[in-house]
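See structure below.
Atoms within each ligand, like the ligands themselves, are counted from 1 in listed order.
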Amino acid sequence: MKILKFGGTSVGSVENLYKVKEILTSDQENKIVVCSAMSGVTDQLVRLVENIKFNDTEAITRNLHRLENKHSDVIDALIQDQQIRDNLKDGLSSMITEMFEISSQNYSEVVNSRIITYGETILTYIFSGFLNSVEIPNVVLDAKEFMHVDAVENPNIDKVSKKLTKILEDNIQSSLYITQGFVCRDEQGQISHLKRGGSDYTATIIGAALQASEVQIWTDIDGLHNNDPRYVDGTYPIAHLTYNEAAELAYFGAKILHPQTVSPVVDKDIPVLLKNTFEPEATGTVISNKTYKKGLKAISAKDGITAIKIKSNRMLMAHGYLRRIFEVFDHFQTSIDMITTSEIAISLTIDNTNNLDKIVKEIENYAEVTIEQEHSIICIVGESVINDKNSYRLFEILNYIPVRMVSYGGSNNNISILVDTKDKIPTLRFLNEKLFRIQKEEVVV
Ligand code: ADP
Ligand code: ASP
Ligand code: MG
């Protein structure tokens, strides 16, 4: 069994849905297809939730009509058979009625999750109908029936495995299954979601639960690039990455992968392939446990970082001081990304500021605290990157851009710096020149 995930752009238009169909029919292997919502739809649903929060019935109605029209147009353009078309539109309209009903309830986390995951539910329903209409038999698997994720960082793979195996046994006649990414149930069995971009994670959770032969993530670019192509020209795809490298890059901002994507498959040694829906013949990136090349591979950047400086003379020569500080972060369930210390001060970064006020209040009992927001962590990643003879060039950035923190040696595979977010793009471009362009020229010479 292979798992294939198609992202928002891949399922984002009638033309692209035809491309997905071609990919699915290019071989005979059994497949589970994980679909995102059409691009832009989840953003629209997030806005709908805002309307619900403010009880703005006019905006809710407008939003839901727009959603219905968009998908209804897709049905018209995709499906030739009038009967199938009418049936699909009836189903769509029932889903929109359900959404009206949910939108009339008071805002809660569950209302939020139920609404924002509808994009996937609607799309899988339409896509399955389309495949049936062109005589490609398939079965839709309702992800809410098997995707149990106690907490986002902690999927219950055994439970997913048991439930999904049973569902597949009940539908043994099929070789093509379609399911929704992003949606899950939490520990209490309530509808929840895997955070934005979470369909990648759905695919690897399913891959691990079924011990799949591989997980393919189909998107709008030919693999994971050596730098962020949204900000830097001339980036190129990396053919092979180890799980560690991919995990670091995803966690530190490479948008192509949800931060948690590789964690479910590492122990099971299931390869993850990143492929381009619009250029299926391109090699893409293979993520596995094999190291083909050591040293620097890629740069990524993670925004939304808050730096916290904690300063106290009492720290001088005092043991147990760091423990006290870490306990505060632990107590407020806030994880720390970067950390540097001097004799009387410690600087650290967090990305979850939900409990920042409480953390500061607690630490201010014994130290002076300074907060700086809107920072970005830029990291260079590769197995043994700290031993790469070119890595020192990272530090030439110090001549041009104010660097707030440096983390070197925490891991052999990652060197990170913290900069103001307004300096992120110049930093990425500068490092691209220094670390990749110059390196390439050296090879040529
Ligand atoms: P999907 O909707 O298919 O999940 P995403 O938008 O989440 O697609 O991810 C693909 C996008 O990630 C690319 O179009 C690209 O702009 C962006 N991206 C950011 N960093 C990288 C990188 N290092 N390599 C490749 N793509 C990247
Ligand atoms: N549709 C969801 C999002 O836009 C999940 C995904 O596409 O992976 O975040
Ligand atoms: Mg994505």
List the closest protein heavy-atom neighbour of [atom]: residue, atom name, distance to the nearest 0.1 Å.
atom	answer
atom 2 (C) of ligand 2	E120 OE2, 3.4 Å
atom 2 (O) of ligand 1	G8 N, 3.1 Å
atom 12 (O) of ligand 1	I256 N, 3.5 Å
atom 19 (C) of ligand 1	D228 OD1, 3.4 Å
atom 8 (O) of ligand 1	T219 OG1, 3.1 Å
atom 5 (P) of ligand 1	K255 NZ, 3.6 Å
atom 23 (N) of ligand 1	H225 O, 3.2 Å
atom 7 (O) of ligand 2	S36 OG, 3.1 Å
atom 4 (O) of ligand 1	K5 NZ, 3.0 Å
atom 27 (C) of ligand 1	P229 CD, 3.6 Å
atom 4 (O) of ligand 2	R196 NH2, 3.0 Å

Region of N227 that comes within reach of ligand 1 [heavy atoms, distance under 4.0 Å]: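 The backbone, only.
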Should the proximity of P237 to ligand 1, defined as any heavy atom under 4.0 Å, be assigned to the side chain, the backbone, both, or neither?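 Answer for P237: neither.
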Would you call [X]-[Y] a salt bridge at under 4.0 Å N-O?
X	Y	value
K31	D27	yes
E50	K53	yes
K89	D76	yes
D43	R47	no
E145	K163	no
R404	D420	no
E245	K297	yes
R429	E433	no

Closer than 4.0 Å to some heavy atom of D220 - which atoms of ligand 1 meet that?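 This gives 10 (C), 11 (C), 13 (C), 14 (O) as the contact atoms.
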Six-ring centre of Y251, K302 cation under 6.0 angstrom, axis tolerance 45°: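 Flagged: K302 positioned over aromatic ring of Y251.
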Looking at side-chain heavy atoms only, is the closest gap between S72 and L92 below 4.5 Å?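 A side-chain contact under 4.5 Å exists here.
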Do N154 and V149 have side chains that get closer than 4.5 Å, going by heavy atoms?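 They are not in contact (no side-chain heavy atoms under 4.5 Å apart), so the answer is no.
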Backbone or side chain, does any N or O of R230 fall under 3.5 Å from an N or O of ligand 1?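 No - when backbone and side-chain N and O of R230 are compared with those of ligand 1, no distance drops under 3.5 Å.
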Is S10 close to ligand 1, meaning an N/O of one under 3.5 Å from an N/O of the other?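 Min N/O separation from ligand 1 is not below 3.5 Å for S10.
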Report yes if some N/O of [X] lies less than 3.5 Å from some N/O of ligand 2; otherwise report no.
X	answer
G197	yes
T42	yes
K5	no

Assess G198 for proximity to ligand 2: is some non-hydrogen atom of it under 4.0 Å away?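 Checking ligand 2 against G198, which is what was asked, there is a heavy-atom contact under 4.0 Å.
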Should G7 be listed as contacting ligand 2, given a heavy-atom distance under 4.0 Å as the test?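 Heavy atoms of G7 never come under 4.0 Å of ligand 2.
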Under 4.0 angstrom from ligand 1, any heavy atom of G223?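 Heavy atoms of G223 do come under 4.0 Å of ligand 1.
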Below 4.0 angstrom from a heavy atom of S199, which ligand 2 atoms are there? Numbered from 1 as shown, please.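 The list of qualifying atoms is 5 (C), 6 (C), 7 (O), 8 (O).
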Tell me whether the rings of F6 and W218 are parallel (<30°), tilted (30 to 60°) or perpendicular (>60°).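 Rings of F6 and W218: parallel, as their planes differ by under 30°.
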Working for side chain to side chain donor-acceptor pair (under 3.5 Å), residues N413 and E248: CA-CA 8 Å; N413 309 328; E248 297 257 15; 4.7 Å; no
Pair F182 and Y201, ring centroids less than 6.0 Å apart: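 No.
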